[in-house]
Amino acid sequence: MAAWLTSVLALLLVVFALLAPNQLTLFTPGAFLRLPLEALLVVALVLLLPTWGRRVVAVPFGVALGLLAIVKVVDMGFFAVLARPFNPVFDWISFEAGTDFVEESYGRTGAVVAVVAAALLAVGLLVLMTLSVLRLTRLVAQNRRAATHVVAALGATCVVGTVLGVQIIPDVPVSTLTYDRALQVRAALRDQEVFAAEARVDAFGDIPGDQLLTALRGKDVVLAFVESYGRSAIEDPALAPAVGGTLDAGYTRLRTAGYAARSGWLTSPTYGGGSWLAHGTLLSGLWINNQQRYTHLMASDRMTLNRAFQRADWRTVGVMPGITQTWPEGTFFGYDKVHVSKELGYRGPQFSWAQMPDQYTLSVFEQREHATPDHPPVMATIPLVSSHAPWSPIPELIGWDQLGDGSIFGPMAVAENSPDDVWRDTDKVRAQYGRAVEYSLNTIVSYLERYGDDKMVFVFLGDHQPSPLVTGENASHDVPITIVAKDPAVLDRISGWNWQEGLKPGPDTPVWRMSDFRDRFLTAFGS
């Protein structure tokens, strides 16, 4: 009985590796109604070989199946968070980023446990898969006659089905994951040449500073990335009433304060994570949709939007609450000063992944840069990270004069449900995401009401959509972008963009690739 059960479990494990889809949403009975041609070929080979030869075939095949199973499990995680499969060339840094996310959200112990568990799972799959293939190989050898008949029948079925185009389940082919991965690796390696050719073209690379951004002379320009602020926040029926109401109410308040605004859509190169890819894309004017492109960008002399402002005699600064380690990229982007997390003077609690609330981040920019008497025109890039997953706990807006060193936020960090409690329920996750985005948007509006002036031009946009857990499957990569200013001449410069008035783009507002923004912005505001 035990031997029979072990054999069944071995067969199920091998079937999983061969036939299981690499997306959780595709797990249906029909997904397993396929004939694994790879397995039939291996069984046929085993039937022809002597005992020592069977082992030579079985061990590497078992290891290969184990690796295939690991890739499928990793793919499931990538699809759940980033809405795409794992890329074996580009995505190794994602494991480091994921570990950092777990550590920031759940502590170092949680990160260590996650890493150890992942390593044990990987090793366990490799070992168990290899042992399973060896066991099944022995069974085939012991039942040579029956196995030969079965392989012949199933092989003939595969051939006839291929010739006649017959499928057990419509549009469900024999597993092609390994072949797809080979094509993916080939395309990824070639992408380096493609990107180098794209990067060589720069219409603004040699333009003198006195011809850049002439229509913004004397203005303080803030570019704020709102973490995970995507199109779904505005158009998803479950999120739109609250988030849309926040934007509408916010615009009414800003109009009362003398502002006007225009909003559009940009298509982000990433989804669910990888904010740095979106930042690099918008600021460089190049499509940075993988880590290889980002790495090559950092080693180039590409003129970023920050460098354009710097060349035109703005003081360029970055206020980076999410940067907790050495950040050499600051030199590439062209910052005169980078205010990283540990230098911001925050003494309050950490809000899950977010080191500090967005309100505190903007207050530091105000105190150290914007409110400095007789300061030169400043261009600031500020990622606002309170809307970063796991969206619990979420801070609340308080009086700007009450902020101090942030200690006042202490009670808020323990008053809400923990991330573990929230992530047990998809509806809670979606609701918390909406609340987090509303907080970030309300913070921007409140900042402009309190500290904005005639010289302020405030641009805010999403970096990418949240994970598919929030958006559902097959959502777009679009994110909203808004330009706010009191000076009507600023918005007159973009009248040809056909953006929607207000803080909320409409469903028919034009959509651009995020990489188009740099050139359009420099064209609109240059001489």
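Starting from 1, each residue takes its place in the sequence as its number.
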Side-chain donor/acceptor of Ser300 to backbone N/O of Leu297, under 3.5 Å: yes
Hydrogens and angles aside, do Thr270 and Trp276 bring a side-chain donor and acceptor to less than 3.5 Å of each other? no
What about the rings of Phe225 and His279, do their centers lie closer together than 6.0 Å? yes
Return yes when atom CZ of Arg347 has more than 12 non-hydrogen atoms of other residues, nucleotides or ligands closer than 6.0 Å, and no otherwise. no
Pair Phe195-Trp287, ring-ring contact (aromatic ring centres under 6.0 Å, His included): steps then yes or no: CA-CA 8 Å; Phe195 179 69; Trp287 189 249; over 10 Å; no
Let me confirm one number: the CG-CZ distance from Leu503 to Phe460, rounded to the nearest 0.5 Å. 5.0 Å
Side-chain (Asp463) to main-chain (Ala278) donor-acceptor, under 3.5 angstrom: no
Shortest non-hydrogen contact between Ser263 and Gly502, atoms and distance: OG-O, 2.6 Å
Rounded to the nearest 0.5 Å, how far apart are CG of Leu213 and OG of Ser527? 9.5 Å
Strictly distance-based, threshold 3.5 Å: is any side-chain N or O of Ser495 a donor or acceptor partner for the main-chain N or O of Leu491? no
CG/Asp453: more than 12 non-hydrogen atoms of other groups inside 6.0 Å: yes
Kindly indicate, with the supporting measurements, whether the criterion side-chain contact (heavy atoms from CB on, under 4.5 Å) is fulfilled by Arg435 and Ser392. CA-CA 10 Å; Arg435 286 187 55 214; Ser392 183; over 6 Å; no
How long is the gap from CG on Asp478 to CE on Met514, to the nearest 0.5 Å? 9.5 Å
Within 6.0 angstrom of Glu396 CD, more than 12 heavy atoms from elsewhere: no
Contact summary for Gly218 and Pro377, nearest pair of heavy atoms: CA-CG, 4.0 Å
I need the Trp497 CH2 to Ile481 CD1 distance, nearest 0.5 Å. 7.5 Å
Taking the six-membered ring for Trp and the full ring for Phe, Tyr or His, determine whether the centres of His477 and Tyr271 are under 6.0 Å apart. yes
Please walk me through it: do Asp401 and Arg450 pass salt bridge (charged side-chain N to carboxylate O under 4.0 Å, His left out)? CA-CA 11 Å; Asp401 294 331; Arg450 176 64 183 269; 2.8 Å; yes
Test your reading of the model: is there a side-chain donor-acceptor pair from Trp391 to the backbone of Ser387, 3.5 Å cut-off? yes
Heavy-atom donor-acceptor pair, Ser515 side chain to Gly285 backbone, under 3.5 Å: no
Counting distance only, does the side-chain N/O of Asp516 pair as donor-acceptor with the main-chain N or O of Trp512 below 3.5 Å? no
Looking only at non-hydrogen atoms, find the nearest pair between Leu362 and Thr443 and report the distance. CD1-CG2, 3.8 Å
With a 4.5 Å cut-off on side-chain heavy atoms, are Gln359 and Phe409 touching? yes
In plain terms, say whether Glu369 and Lys337 are close enough for a salt bridge, that is, a side-chain N and a carboxylate O under 4.0 Å apart. no
Counting distance only, does the side-chain N/O of Trp499 pair as donor-acceptor with the main-chain N or O of Pro505 below 3.5 Å? no
Within the 3.5 Å criterion, strictly below it, is a donor on Gln310 or Arg307 matched to an acceptor on the partner's side chain? no
Rounded distance [0.5 Å steps], CG in Leu223 versus CG in Asn306: 7.5 Å
How long is the gap from CZ on Arg217 to CZ on Phe525, to the nearest 0.5 Å? 13.5 Å
Pair Lys219-Asp454, salt bridge (charged side-chain N to carboxylate O under 4.0 Å, His left out): steps then yes or no: CA-CA 8 Å; Lys219 304 292 187 186; Asp454 293 343; over 6 Å; no
